[in-house]
Amino acid sequence: MNILLLRPHPGNDRFGLGPFFRVEPLGLEYIGAALRAHGHTVSAADLRFRPGAATWVRRTRPRLVGISCLHALEYERVVETAREVRRASPDAFIFVGGHAAAAFPAPLECDAVDAICRDDGEEIVPLVAAALAKGGRLDEVPGLRLREPDGWRDTPCLDRQTCLDLVPLPARDLVDRHRSGYHCLLFKPVWLVETARGCPHRCSFCSVWQLYGRSCRERSIAAVVEDFATAGDSIFVADDLFWHNPARSLELADALKKRGVFKRWILVQTRTDLICRSADLMAAWRPLAKDFDIFLGLEAATDKGLAGITKDSGVAESVEAVRLARELRYGINGNFLIDPDWDEDDFRDLWDFVARYGLQRAGFTILTPLPGTDFFREVAPRIARQPWSNFDMHHLLWEPRVGAPRFFELYAETWRRSILNTSGDKSLVDWMKQVRPSQIPYIARVLWRTQRMMKPEAYLREYEATRPRTTEPLVDFSAGACCRGAA
């Protein structure tokens, strides 16, 4: 069967660090590998590059089209893509999957979509393809939200979580034509690698642990080593919580060294309290890359702020983790959450914390209730009629305590204290010195786009243009429990 997998353009990327990050569609590469193992002919198109969806449909003539939906801000664009595919191929079976689709499928329930994948696509999509090929019953395929003549309904959940090692290594050749366009920070091209999936913690703003029921699954050491060895020289590890299992992490570091796998650059994501209790683990991993960066969810500058988001760690852990990582020559990139309910003193506390501990490489995102979380359900009355494109963590979804004009003045001032401000401590020339001459146009273009974040008037214009003018709800906020999270 001919199958086409699509990664839509996310749409709204005018604010935030989006210009610094464009990574390969790893989920589609895993699904593509699983489909190929069952004998299907698979094409994948990353619509962040040309051509568009209709052209790909005409080229491949697919019987089955899968569209990824990773983030809530993409819901509207995914529906638009599904409608474009439907016009180009009225008889194709169209399904949507990905993190946002599984966590909260309700916005995707339209006549252009036939089914929504509510669990791991690597297992479910081949079952959908088999049912279509053999004339089987789709209502017997587990893990789907299925459109039927009388409405949408759920099929039974998978009876257990998918073993990650049942899926072959990602079919990266599906997007080889776009490889030079995948980048993170100063590095391009970049390869995305996943060693584990899920998180056992319970941060209130995060939808990952709620989707996977606080579970964490791991790929085998042999599979991860092979993936690292065959990927390129710059690696972004997609795990939400790297080094979660200390014994396995030490074993993996040793196996990579024995295989002779060393990289130019590695970026991982983890927690501060994990670093504080893992000095030996951190030391074991550091030699594996010339430059090794850690992304930390620092989130708040006070213990009260961290407790308010159920972080289950304190500022002392943040400070110690940064100290230990720097001592071992890791680069630290962090993120703080900016609460719309802050007053001016809260902003000043953050500025003082950033200056005191040299955290200018941090980013700053507006606290956003992500669909599929308890937080989302709690604040539903405050976010009625918000367009999904505003759920990018850089838009206000409700009126802030200090008023929108003053909030954006304080928010822009926060960004001006970061290294992205080319009028600040790190000039455009300083940035240029860190990249090869051939990459100067790329970094100049990215930095030019990010300077918008230093301008309060740009945020205010966007706020006035996109905020809802009615209180009528956009969707049923109680709908769409994911399969795994509901288990």
Side-chain angles (χ1 to χ4, degrees), residues 16-17 20-21 23 26 183-188 190-201 203 206 208 216 218 224 228 231 233-246 248-250 252-254 256-257 261-301 306 311-337 353-354 356-365 418-420 426 434:
L17 297 178
F20 269 106
F21 293 89
V23 295
L26 185 61
H183 57 262
C184 290
L185 303 173
L186 298 176
F187 299 91
K188 61 179 306 207
V190 164
W191 281 253
L192 199 60
V193 171
E194 180 188 62
T195 86
R197 188 175 298 176
C199 180
H201 293 277
C203 303
C206 180
V208 171
C216 189
E218 300 167 336
V224 173
F228 262 84
D233 209 30
S234 296
I235 302 290
F236 177 14
V237 179
D239 303 14
D240 291 287
L241 185 59
F242 199 60
W243 297 315
H244 162 62
N245 182 337
R248 172 183 178 269
S249 297
L250 283 170
L252 178 55
D254 185 57
L256 288 168
K257 292 172 184 175
V261 178
F262 298 93
K263 299 296 181 179
R264 170 65 181 84
W265 176 72
I266 296 175
L267 170 65
V268 301
Q269 307 171 99
T270 194
R271 284 173 57 98
T272 58
D273 51 353
L274 193 156
I275 289 178
C276 289
R277 58 178 182 265
S278 306
D280 58 335
L281 182 56
M282 302 281 291
W285 269 86
R286 183 58 189 87
L288 287 165
K290 179 180 178 182
D291 289 303
F292 205 131
D293 285 343
I294 302 174
F295 182 88
L296 290 172
L298 298 169
E299 319 304 5
L306 291 171
K311 190 68 179 179
D312 292 337
S313 65
V315 169
E317 284 89 348
S318 298
V319 173
E320 176 60 15
V322 169
R323 185 200 66 79
L324 177 61
R326 286 174 172 165
E327 186 177 277
L328 292 170
R329 297 183 302 105
Y330 283 93
I332 293 295
N333 301 279
N335 191 75
F336 291 95
L337 295 174
F353 189 78
V354 168
R356 186 180 311 124
Y357 297 106
L359 297 170
Q360 289 79 8
R361 288 178 65 181
F364 308 95
T365 52
S418 77
I419 62 170
L420 291 182
K426 188 170 182 178
Q434 289 188 260

If you round to the nearest 0.5 Å, how far is CG of Asn333 from CG of Leu359? 10.5 Å
With Arg264 via salt bridge (charged side-chain N to carboxylate O under 4.0 Å, His left out) - residues at least two apart: Asp291
One should read off an interatomic distance between Ser318 OG and Asp273 CG, to the nearest 0.5 angstrom, of 8.5 Å
Can you tell me if Glu320 uses its side chain to pair, donor with acceptor, with the backbone of Glu317 under 3.5 Å? no
State whether the number of non-hydrogen atoms from other residues, nucleotides or ligands found under 6.0 Å of Lys257 atom NZ is greater than 12. yes
Taking the side chain as every heavy atom from C-beta outward, state whether Leu298 and Thr272 have any pair of such atoms under 4.5 Å apart. yes
Would you say that Leu420 contacts Phe20 through its side chain, given a criterion of any heavy-atom pair below 4.5 Å between the two side chains? yes
Contact between Leu252 and Glu218 at the side-chain level, heavy atoms closer than 4.5 Å - yes or no? no
Can you confirm whether Leu296 sits close enough to Ile275 that some side-chain heavy atom of one is under 4.5 Å from a side-chain heavy atom of the other? yes
Mind listing the closest non-hydrogen atom pair of Ala284 and Ala253 along with its distance? O-CB, 4.2 Å
SG on Cys276 to CE on Met282, rounded to 0.5 Å: 9.5 Å
Mind checking whether His201 and Leu274 have side chains closer than 4.5 Å, heavy atoms only? no
Is there side-chain contact between Asp280 and Leu250, with heavy atoms separated by less than 4.5 Å? yes
Please find the pair of heavy atoms, one from Tyr330 and one from Arg286, that lie closest to each other, and give the distance. OH-N, 3.2 Å
Taking atom CD of Gln360 and atom CD1 of Ile419, what is their separation to the nearest 0.5 Å? 8.5 Å
Calculate, to the nearest 0.5 Å, the distance between atoms CG and CD belonging to Leu186 and Gln434 respectively. 5.0 Å
Is there a side-chain contact between Phe187 and Leu267 (heavy atoms, below 4.5 Å)? no
dist Glu299:CD -> Cys206:SG (nearest 0.5 Å) comes out at 9.0 Å
Note: Gln269 and Asp239 closest approach over all heavy atoms is NE2-O, 3.1 Å
Check for a donor-acceptor pair, side chain of Trp285 on one end and backbone N or O of Ser249 on the other, with a separation under 3.5 Å. yes
Please enumerate all residues that pass salt bridge (charged side-chain N to carboxylate O under 4.0 Å, His left out) together with Asp233, with sequence neighbours excluded. none
Start with the C-alpha distance between Leu185 and Trp265, add both sets of side-chain angles, then the distance that settles side chain to side chain contact (heavy atoms under 4.5 Å, CB included), and finish with yes or no. CA-CA 11 Å; Leu185 303 173; Trp265 176 72; 4.0 Å; yes
Does the side chain of Val315 come within less than 4.5 Å of Tyr357's, by heavy atoms? no
Can you give me the closest heavy-atom contact between Cys216 and Gly198, atom names plus distance? SG-O, 4.0 Å
Closest non-hydrogen atom pair between Pro200 and Leu241, with its separation: CD-CD2, 3.7 Å
Check for a donor-acceptor pair, side chain of Thr270 on one end and backbone N or O of Phe242 on the other, with a separation under 3.5 Å. yes
Which atom names give the shortest non-hydrogen contact between Cys184 and Phe236, and what distance separates them? SG-CD2, 3.6 Å
Would Arg329 count as a cation-pi partner of Phe292, with NZ or CZ less than 6.0 Å from the six-membered ring centre and within 45° of the ring normal? no
Worked check of side chain to side chain contact (heavy atoms under 4.5 Å, CB included) between Lys311 and Leu337: CA-CA 12 Å; Lys311 190 68 179 179; Leu337 295 174; over 6 Å; no
Going through the distances and angles, do Phe228 and Leu288 end up as a side chain to side chain contact (heavy atoms under 4.5 Å, CB included)? CA-CA 11 Å; Phe228 262 84; Leu288 287 165; over 6 Å; no
